[in-house]
Structure formats: structure tokens, C-alpha cells
Amino acid sequence: MKKALIIARWEFWEKVKTKTFLISLIVTPIIIIGFAMAPTMLSSQEDNTTKAIGVIDTSNIYFNALRRSSEKIKLPNGQPNFILVNLNSKDESLSTVKRTADDYSLSGKIEGYLYIINGGTDSVKVEYRSKNSGNFNDVNRLEEAFNNARIEIKLLHENINPSIMKYISSNVPVTPIKILEGGGAEKSDFLFLFFTSFIFILLLMMMILSSGGMLIRSLVEEKSNRLIEILVSSCTPDELLAGKVLGLSLLGLAQVFIWLLIGAALVGTSAVPVYAFNNIVPVMFYFALGFIFYTSIFVGVGSIVTTEQEAQQITSYLSMIIILPIVIAVPAIENPDSILVHAFSYIPFTIPAIMILRFNIGPVPLWEVIVSTALMIASIYLSVSIAAKIFKIGILSYGKRPSIKELIEWISEK
Amino acid sequence: MLEVKNLTKIFKDTVAVDNISFKIEPGKIFGLLGPNGAGKTTTIRTVLNIIKPSFGKILFDSKPTAKTFFNLTGYLPEERGLYKKGKVIDTIMYFAQLKNMERKTAYAEAHKWFKKMEIEKYEDKKIEELSKGNQQKVQFISAVIHNPKLLILDEPFSGFDPINQQLIKEVLLSFVISGKIIMLSTHQMDTAEKLCSDILLINNGKEVCSGNLSQIKKSYGTNFVKIEFDGDSSIISSHPSILHIDNYSNYAEIQLKEDALPYEFLRDIASKINVTHFSIVEPTLNKIFIDSIKQSSN
């Protein structure tokens with residue numbers, strides 16, 4: 001065991017001294033904080049200019065009502081968001097009017113225009129035609145304005161008090177509130193889930209990828225210059241494996257510890273809200289389990305590759321498995337009780353990420369915590385012992401990568 | 001003493017080492033020789049306890065090799081290489097500690113070796129900043145710093161210039177005096193010839209010949225002459241007393257037929273060409289190697 005510690009110390013310090021480590025130490029939190037700030041910054045970056053929107057309405061019913069209802073939509077600085085321009089012309093044909101409107105839009109005279117088809121009938125349709133079809137905010141607001149205008153016209157037509165109009169068009173939002181153990185409650189939104197869950201899942205993935213990559217690269221180096229033979233003539237392969245995994249885990253822990261310190265220092269600022277550390281104990285627990293599990297897989301895989309290219313290829317395959325939890329994270333938030341999410345709570349590859357998520361979405365029954373932990377520990381035991389067997393033979397084989405059949409032989413060898 | 005008894009190693013469908021036995025006594029350099037792929041590396045790995053033999057025993061001082069055996073061995077593999085980004089002193093300290101050395105002793109020993117190998121000024125440099133020869137010296141130090149009882153060297157001289165080869169040779173001879181067991185694997189037959197007292201020659205995993213080098217030479221036959229000359233070499237090679245000739249334009253190693261007498265042969269050819277040197281010699285290890293391997297392969 002003493003030799004495993006010597007190896008762990010060497011692996012730890014040699015990697016701490018590298019530029020890659022320093023870069024990932026600094027760059028990772030910057031990226032993550034960037035992720036956190038981006039939505040806030042983007043939404044506050046809304047434009048402050050009033051947009052000119054054309055209207056082509058051959059039925060001539062909607063324009064006035066539409067103008068009234070659109071004027072109610074204000075920019076954050078109090079200016080109206082849109083100013084409507086009637087592009088109808090009695091003298092010209094519809095196609096000429098449309099062509100002129102298209103030209104105005106393309107040349108930037110107007111932002112775009114609403115083209116109302118079959119006005120006054122039940123099959124009324126509206127197109128918003130503009131240079132860039134992208135602006136969802138504009139389309140949504142114009143849609144709201146048009147529908148309000150349509151209802152208003154209808155109500156006026158039926159001689160109904162316009163004050164009812166106000167009632168109809170006012171919208172009551174439903175706010176999601178998460179009940180906490182002990183009677184508390186808090187607002188639940190994307191930023192909340194981001195800070196409590198995504199950030200840790202992202203960290204876990206980035207750490208597994210960067211340290212796993214480092215591990216594979218160092219194994220490839222040791223194999224190609226036969227350092228591995230000097231190592232295994234000084235200690236057993238098990239000691240070497242234990243030393244490497246230990247050193248790497250310490251490296252990971254040190255990294256997380258530093259990040260947590262940075263996070264704690266920024267608590268309460270716009271970058272890190274207080275609730276980010278709400279479930280830190282179970283989150284760190286699953287984090288550690290996930291890290292050890294994936295590291296042992298990287299060890300097994302790393303010991304069978306012989307060149308840098310092969311290493312990169314295999315790392316990219318593994319990354320795909322590691323990305324999987326992020327892909328299922330979004331449906332998991334939308335529907336935390338779905339069978340899919342529960343199923344992924346029992347697959348070792350996804351347990352850590354899903355459990356980190358579930359802890360922050362709502363309370364997790366104790367039995368599920370116990371079952372998933374037991375599953376995780378069993379899979380770690382399995383993957384470590386398989387990795388150790390592959391490692392023992394793999395580190396001394398050069399040249400061709402072993403076939404699946406050979407791998408199975410290695411694993412079943414006593 | 002290191003004893004290897006009936007060592008056999010089978011990999012799936014190939015017999016890499018087939019029933020090999022040898023002994024190495026302290027204070028002796030033992031040459032493990034053979035062509036590429038003969039099974040030398042497998043033999044070395046088994047002796048070092050890196051892989052387990054399929055059959056046979058390895059005894060060190062009459063006891064089976066145990067886990068502590070790791071700390072008694074030093075190994076210099078044929079392919080060299082160290083952690084490129086590691087510092088010279090850190091790397092050596094790491095390997096020393098893996099051989100169970102105390103930090104303090106390792107540090108002191110490292111500095112003795114830096115001086116002996118004339119690389120004191122590179123102590124704090126990264127390995128990748130050193131010349132190839134100096135990297136080799138660092139690796140050599142890391143193989144011997146813990147004063148191993150058994151030292152296994154695979155091509156220890158490759159990559160060194162003649163001056164440094166001399167330096168390594170002197171170090172090896174000092175190890176012989178201090179009573180280490182040394183196993184040398186090399187393709188440089190002249191080096192092996194000068195250094196090794198016993199050899200084992202293997203081919204395709206099997207022993208071809210083994211034992212004390214001077215006895216092997218004696219048993220291999222006498223009638224070997226070495227000749228240096230000016231003139232037409234075809235006159236020599238067509239001489240009827242010759243059994244075999246290695247001709248190097250103005251120098252030749254010759255094996256005469258068993259009944260031929262060396263001085264008669266000299267008299268005969270001296271009348272035809274200008275002989276500048278003539279000596280009766282033992283067969284060279286190089287010749288023994290080539291002949292025995294050819295014979296065993298047929």
C-alpha cells in the first residue's frame with residue numbers, strides 16, 4: 001500500500017504542475033459562470049428601439065384595433081415596442097402592394113409586415129413576413145396584439161361592454177413553487193435548477209473527461225516508452241492501478257475543493273445565488289461515486305490503447321456515454337415522475353447525474369437513495385475488478401489492440 | 001545467487017520460453033544472448049516477477065522470489081524513455097522511493113550518481129531538455145540508485161557515445177567487484193565477449209548453448225586464425241585448407257580444416273601475398289552466435 005501512495009503522490013503532483021491542470025482549474029469555472037450569466041444577460045440585452053411593422057389587410061377591418069392593442073406593448077424604457085404602418089393601397093393590386101412591402105422589409109425601412117389573409121371570416125390567417133424569421137419575441141407579441149384586436153372587434157360588433165375585453169385579455173400566470181422539507185417553499189425556475197443541478201452535472205462531466213483524458217495519455221506514454229515495465233518491476237499492477245486511481249481522485253477532489261471555495265466566495269453575487277449549495281451533501285456524494293466509476297472505466301480502456309490517436313478515438317466514444325445524462329436532463333426536469341427518469345435512476349452510467357437532478361427537483365425516497373447507492377458501489381466494484389484484470393495484461397501488450405474475444409479471455413483469467 | 005529452473009512460458013498458442021535453466025552467481029556478469037524474438041524479454045520479465053512462469057521456478061538465494069524481491073532488482077529496459085515533463089531529480093527520487101528507499105538516502109545517493117555520471121548541472125532540468133545520452137544516464141541511475149542485488153540490463157550501451165560507453169563499462173565492473181548479480185542482454189557480441197563470464201544463447205525459446213564462455217570457446221574447436229594482409233584476397237579464400245572464411249577485404253577470420261596446420265597455411269599464403277599480421281585465435285562470440293543460431297534454426 002505504501003507504494004500505491006508513492007505512485008498516487010507522483011501522479012498528483014506531476015499533473016498539478018502541468019499547464020492543462022491550471023487551465024482547466026481556471027477556465028472551467030469561467031465557462032460555468034458564463035453559462036449561468038448568459039440567459040440573464042441575453043434577456044436584459046433586449047433592444048430598446050421601436051420597430052416599424054407594416055400591415056396589409058385587404059378586408060380593412062383590423063388596422064385600427066390592431067394599432068390600439070399593439071400600442072399597449074411597451075419596451076422596458078416605456079416606449080411602444082411597435083409602430084404600425086398601413087400599407088394598403090386602393091390603387092394598386094395586391095401583388096404590387098406585397099412586392100413593395102417585401103422591398104421595404106429587405107431594405108430595412110420596416111422591420112417586417114403582417115399579411116392578413118381572409119380577413120373578417122373564420123378562416124382568417126396571419127403571416128408575419130420579415131427579413132429574418134427568427135425573432136420569437138416579436139412574433140409572440142404581434143400574435144397577442146392581433147388576437148386581442150380580433151376579440152375586441154367581435155365584442156364591439158356584438159355590442160358587448162368593452163370592459164369585458166380587458167377581463168378576457170388579462171392573463172393569470174401559474175408560478176411553480178417547490179415545497180421544502182420542514183415547511184418552507186421557494187420559487188423554482190431554470191436558474192435555480194441550473195445552479196443546483198446542471199452546474200454539478202457539467203462539472204462532473206468536464207472533470208471526468210479532462211482527468212480521464214490525462215489518465216489515458218499518461219498510460220499511453222508509459223506504455224510507449226516502456227516505463228510501465230520499470231513500474232511493474234517495482235510494484236504489483238494492483239498497487240500501480242490503486243496509486244493511479246487514488247492520485248487522480250485526489251486531483252479531482254482538489255479541483256472541486258478549489259471550485260467550491262471560489263463558489264462560496266461568490267455566494268450571493270449574481271454569479272452564484274445562495275441556494276446553489278442547498279443539497280451539497282448528496283450532490284457531492286453522487287458526484288464522488290460517478291467520478292470513481294468513470295475513472296475505473298478509463299483505466300481499463302486506457303490500458304489497451306497503444307497510440308495517441310487510438311486514445312483520442314476511444315475518449316470520444318466514452319464522452320458520448322458521459323454526455324448522455326445531460327441529454328436526458330431536460331426531459332427529466334419537464335417530467336420528473338416519468339418512467340424514463342426513474343429507469344435512468346437505476347443505470348450506473350446515469351445514476352450520478354439523474355440523482356443530482358432529482359435531489360434538486362424534489363424529495364427522493366430513502367429507499368431509492370439506498371438502492372441507487374448500492375447499485376453504484378456494486379458497479380464500481382465490478383468495473384474496478386474488470387479494469388484491474390484488463391490493466392494487468394493490457395499494460396504489457398503492445399502493438400495490435402486486443403479483440404473483444406481476447407478481452408473476455410483476459411477478464412476470465414485468474 | 002539467482003537460479004532459474006526449467007522456466008517455461010506459454011502464451012495462448014506459442015511457447016515463448018521453453019524449459020530454460022541457468023544460474024548466476026554474485027560478482028559475475030551473465031550474458032543472455034539470442035536473435036530478435038528469441039524469448040529474451042519474456043525470460044527477463046519472468047525473472048523480474050512482472051509475469052508468472054507457466055512452469056518452472058525462480059529462486060533467489062535459494063528462496064522463491066517474493067514481493068520484497070521487487071526492491072532487490074534493478075531493470076534497464078531496451079526501449080528507453082522517462083516522463084518527459086518530469087524534473088531529473090524528481091524522476092530519480094520517484095523510482096528510488098518505489099524501490100523502498102528513504103527520501104534522505106535517495107537524495108544523497110542521487111547526488112553521488114549525478115557526480116559520477118557528470119550530469120550535476122542538469123539536476124533541476126526537465127528530462128525533455130536533456131540530450132539523448134544524458135537522458136540515458138538518468139535512466140541508468142534510476143535503475144541502479146537503490147543498490148540492487150540483481151541488475152538486469154537490456155542493451156545498456158545503445159545510445160551512448162564511446163566515452164560514455166566506457167563510463168558505463170567502468171561502473172559495471174565496479175558492480176562486479178561489489179558482488180552484484182548482473183544479467184546482460186545485448187546484440188553487441190564484442191561487448192558481451194569482453195564482459196560476460198557465462199552466457200546463455202537461446203533461439204525460438206530454446207537453449208542453444210550455455211555455460212562458461214571460455215569453455216564454450218574451447219569446445220567449439222580450435223584451428224581459428226586471424227590474418228591481415230595487402231593484396232588479392234581471392235588467393236586466400238581459394239586455399240584448400242580453409243573450412244570457412246569471413247573476409248573483410250584486408251582482414252579475415254578463418255577456420256581451417258581439422259587436419260590443416262596453421263603454420264603451414266601461413267607459409268603457403270605468405271609466399272603469394274603480403275601478410276602483415278597473423279595470429280591463432282579462439283573463435284569469436286560473434287561467430288559462435290551466428291553458427292549456433294544457423295544450426296539450431298535448420
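To find a chain, count down the sequence lines: A is the first, B the second, and so on, and within it residues start at 1. Just so it is clear, the model here is predicted, and its values are computed rather than measured.
- At a cut-off of 3.5 Å, with distance as the only test, no side-chain donor of B:Tyr94 or A:Glu14 sits close to an acceptor on the other residue.
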How far apart are the C-alpha atoms of B:Asp154 and A:Arg226, what are their side-chain angles, what is the distance that settles it, and do they pass the salt bridge (Lys or Arg N to Asp or Glu O under 4.0 Å) test?
-> CA-CA 12 Å; B:Asp154 201 342; A:Arg226 303 296 195 266; over 6 Å; no

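- A distance of 9.0 Å separates CZ in B:Arg80 from CD1 in A:Ile230, rounded to the nearest 0.5 Å.
- Only the side chain of B:Gln139 comes within contact range of chain A, with heavy atoms under 4.5 Å apart.
- More than 12 heavy atoms of other shown residues, nucleotides or ligands fall within 6.0 angstrom of atom CZ in B:Phe11.
- Side-chain contact check for A:Lys2 and B:Asn100: at least one donor-acceptor pair (N or O, by modelled atom type) lies under 3.5 Å.
- Within the 4.5 Å cutoff, side-chain heavy atoms of B:Thr91 are placed close to those of A:Trp10.
- Of the residues B:Leu48, B:Ile44, B:Leu98, the one that meets the side-chain contact (heavy atoms from CB on, under 4.5 Å) test with A:Ser233 is B:Leu48.
- Residue contact with chain A, scored on non-hydrogen atoms closer than 4.5 Å, involves the side chain of B:Ile51 exclusively.
- Under 4.0 Å is where a charged nitrogen must lie from a carboxylate oxygen, and between B:Arg45 and A:Glu229 at least one such pair does.
- Nearest heavy atoms, B:Gly81 versus A:Asn225: CA-CB, 3.6 Å.
- Annotation: B:Tyr122, atom OH; neighbour count of heavy atoms from other residues, nucleotides and ligands within 6.0 Å does not exceed 12.
- Residue contact with chain B, scored on non-hydrogen atoms closer than 4.5 Å, involves the backbone and the side chain of A:Ile7 alike.
- When the shell of 6.0 Å around CD1 of A:Ile404 is examined, it contains 12 or fewer heavy atoms from other residues, nucleotides or ligands.
- With a 4.5 Å cut-off on non-hydrogen atoms, A:Lys17 touches chain B through its side chain but not through its backbone.
- Rounding to the nearest 0.5 Å gives a distance of 9.5 Å between CD1 of A:Ile6 and CZ of B:Arg103.
- Heavy-atom distances place no part of B:Phe69 under 4.5 Å from chain A, backbone and side chain included.
- Atoms NZ and NZ, on A:Lys3 and B:Lys99 in that order, are 6.5 Å from each other to the nearest 0.5 Å.
- For the set B:Thr73, B:Leu76, B:Asn71, B:Leu82, the count of heavy-atom pairs under 4.5 angstrom toward chain A peaks at B:Leu82.
- Heavy atoms of other residues, nucleotides or ligands lying less than 6.0 angstrom from NZ of B:Lys169 number more than 12.
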Dump the intermediate steps for side-chain contact (heavy atoms from CB on, under 4.5 Å) on B:Tyr75 and A:Val232, then the final yes or no.
-> CA-CA 10 Å; B:Tyr75 177 38; A:Val232 288; over 6 Å; no

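- Side-chain contact check for B:Phe70 versus A:Thr236: some heavy-atom pair is nearer than 4.5 Å.
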